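A quick write-up on the structure given underneath.
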Amino acid sequence: MKKATKVLTLALAMVMLAGVLTACGGGSKSGDTLTFGTNAEFPPFEFVTSSGVIGEYDGIDMAIAKKIADENGMTAAIENMEFDSLLIALQNGQIDAVIAGMTATDERRETVDFSTTYYTATQVMIVKEDSDIAKATDMADKKICVVQGYTGEVCVQEMGYTYEAFKKGTEAVLELVNGKCDVVVIDSATAQKYVGDNEGLKIVEDASAFESEEYAIAVRKGNTELLDKINSSIEKMLSDGTINELAVKYTEETTAE
Ligand code: GLN
């Protein structure tokens with residue numbers, strides 16, 4: 001075969017293979033790739049590092065994803081994208097599941113199915129150490145920063161406050177550090193990480209204002225085959241202490257420095 005023909009044939013074969021893979025997106029046979037979507041901007045759950053547990057991706061969620069795939073004889077792959085795009089990508093079949101510190105909310109349950117809860121968190125407020133914000137209602141006349149599409153944004157919206165939304169947690173925290181906003185509303189474990197990384201910040205909790213949030217893995221509606229596999233892995237990792245160990249490990253790792 002001439003080189004050009006060979007290249008063309010190879011390209012064609014790849015296109016066909018891609019077609020087959022997409023067509024089989026809902027299945028999860030042994031030996032398959034299990035593609036998880038995430039937004040690797042959410043330490044200690046997911047972040048980019050030089051050598052992570054799945055390629056360049058590391059964190060509690062990434063370790064959980066790898067274990068789920070391993071246990072089912074599959075290979076875990078990660079597609080990193082904006083948080084807002086995750087559920088759309090899932091519905092399109094671009095990814096098989098979403099693991100992104102994602103809270104299983106009623107609104108999201110309308111479009112996807114969620115696994116068993118693997119982690120419980122809550123929204124907290126990050127403020128400067130000398131801030132007079134002591135409870136959620138103190139935010140009323142303050143400049144509030146959130147991350148777009150996170151449950152933190154939904155909470156602040158429901159409280160009726162005006163706010164500015166950023167694409168990334170680090171951007172919102174930088175705004176606070178630079179004195180351009182007074183408070184960042186974000187998930188508890190991630191807040192701890194940011195407070196550990198930046199001087200002069202503290203966390204303010206308000207359990208009466210922020211409900212607890214359950215992190216779960218999302219799959220396409222009705223994909224019970226995959227959901228069953230994910231759930232049995234999660235239940236195992238919860239009962240044998242794996243998830244606890246991962247939480248401790250990554251919380252220490254990402255706040256040390
Ligand atoms: N738990 C929050 C949510 O579900 C934030 C998740 C995230 O930023 N990765 O919206």
Side-chain angles (χ1 to χ4, degrees), residues 21 25 27-83 85-87 89-90 94-104 112 114-121 147 150 168-170 186-194 196-197 213-219 223 226-257:
L21 287 180
S28 45
K29 292 184 300 297
S30 186
D32 277 355
T33 299
L34 185 55
T35 307
F36 289 90
T38 199
N39 171 240
E41 299 278 351
F42 197 62
F45 295 91
E46 39 267 331
F47 51 92
V48 173
T49 182
S50 51
S51 66
V53 62
I54 306 174
E56 57 181 331
Y57 303 107
D58 209 0
I60 301 168
D61 283 349
M62 301 298 97
I64 291 174
K66 182 163 188 334
K67 282 182 191 293
I68 291 172
D70 284 353
E71 262 185 27
N72 290 287
M74 295 187 265
T75 308
I78 297 297
E79 283 230 19
N80 189 20
M81 61 187 80
E82 281 182 10
F83 190 78
S85 309
L86 286 166
L87 295 187
L90 178 62
Q94 190 186 335
I95 52 179
D96 301 310
V98 172
I99 184 158
M102 183 174 273
T103 307
V112 294
F114 280 104
S115 69
T116 303
T117 302
Y118 64 87
Y119 190 90
T120 304
V147 189
Y150 283 21
K168 296 177 180 180
T170 45
I186 197 161
D187 297 52
S188 40
T190 306
Q192 269 167 31
K193 154 77 181 147
Y194 289 140
D197 283 355
E213 297 190 15
E214 305 189 324
Y215 291 179
I217 297 173
V219 299
N223 190 357
L226 180 57
L227 194 62
D228 288 348
K229 287 181 173 149
I230 290 175
N231 279 342
S232 56
S233 290
I234 290 179
E235 274 147 28
K236 199 170 149 214
M237 284 188 265
L238 283 172
S239 60
D240 71 7
T242 304
I243 293 185
N244 228 352
E245 280 164 27
L246 288 172
V248 171
K249 174 179 180 241
Y250 282 104
T251 312
E252 280 171 0
E253 248 178 40
T254 51
T255 42
E257 264 158 285

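Treat the numbers as computed from the prediction; the structure is a model and nothing was measured. Values below: every heavy atom of this structure, side chains too, minus hydrogens, waters and symmetry copies.
Expressed to the nearest 0.5 Å, how far CD of Glu82 lies from NZ of Lys168 amounts to 9.0 Å. To the nearest 0.5 angstrom, Ser232 atom OG is 9.0 Å from Met237 atom CE. How far CD of Gln192 is from OG1 of Thr251: 7.0 Å, rounded to the nearest 0.5 Å. With values rounded to the nearest 0.5 angstrom, Asp187 atom CG is found 15.0 Å from Lys193 atom NZ. In this structure, the separation between CE on Met102 and CG on Leu90 is 8.5 Å, given to the nearest 0.5 Å. How far OG of Ser239 is from CG of Asn244: 11.5 Å, rounded to the nearest 0.5 Å.
Between the side chain of Asp240 and the backbone N or O of Thr242 there is at least one donor-acceptor pair closer than 3.5 Å.
With sequence neighbours excluded, no residue forms a ring-ring contact (aromatic ring centres under 6.0 Å, His included) with Phe114. Scored by the ring-ring contact (aromatic ring centres under 6.0 Å, His included) test, Phe36 finds no partners at all (sequence neighbours excluded). When the side chain to side chain donor-acceptor pair (under 3.5 Å) test is applied to Ser115, no partner is found at least two apart in sequence or on another chain. For Glu245, there are no salt bridge (Lys or Arg N to Asp or Glu O under 4.0 Å) partners, not counting sequence neighbours. The side chain to side chain contact (heavy atoms under 4.5 Å, CB included) search around Thr35 returns Thr33, Ala77, Glu79, Ile95, Asp96, not counting sequence neighbours. Remark: Tyr150 pairs with no residue by the side chain to side chain donor-acceptor pair (under 3.5 Å) rule, at least two apart or across chains. Glu235 meets the salt bridge (Lys or Arg N to Asp or Glu O under 4.0 Å) test with no other residue; sequence neighbours excluded. Residues satisfying the side chain to side chain donor-acceptor pair (under 3.5 Å) criterion with Thr117, sequence neighbours excluded, are Glu214.
Between Ile186 and Gly169, the closest heavy-atom pair is CD1-CA, 4.3 Å. Scanning both residues, Phe83 and Ala100, for their nearest heavy atoms gives CE1-O, 3.7 Å. Residues Leu226 and Ala97 share a closest heavy-atom pair of CD2-CB, 4.5 Å.
Screening Leu227, Ile68, Val98, Thr116 against Ile217 for a side chain to side chain contact (heavy atoms under 4.5 Å, CB included) leaves a single residue, Ile68. Results of the side chain to side chain contact (heavy atoms under 4.5 Å, CB included) test with Tyr118 over Leu246, Ile243, Asn231, Ile230 single out Ile243 as the only residue that passes.
Legend: salt bridge (Lys or Arg N to Asp or Glu O under 4.0 Å) pairs involving residues 51-69, not counting sequence neighbours, sorted by first then second residue: Lys66-Asp70.
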Validation: residues 37-48 side-chain donor-acceptor distances under 3.5 Å, sequence neighbours left out:
| residue | atom | partner | partner atom | Å |
| --- | --- | --- | --- | --- |
| Thr38 | OG1 | Glu46 | OE1 | 3.3 |
| Thr38 | OG1 | Ile99 | O | 2.7 |
| Asn39 | ND2 | Met81 | O | 2.9 |
| Glu46 | OE2 | Gly101 | N | 3.4 |

Step-by-step side chain to side chain contact (heavy atoms under 4.5 Å, CB included) determination, Leu34 to Lys229: CA-CA 11 Å; Leu34 185 55; Lys229 287 181 173 149; over 6 Å; no
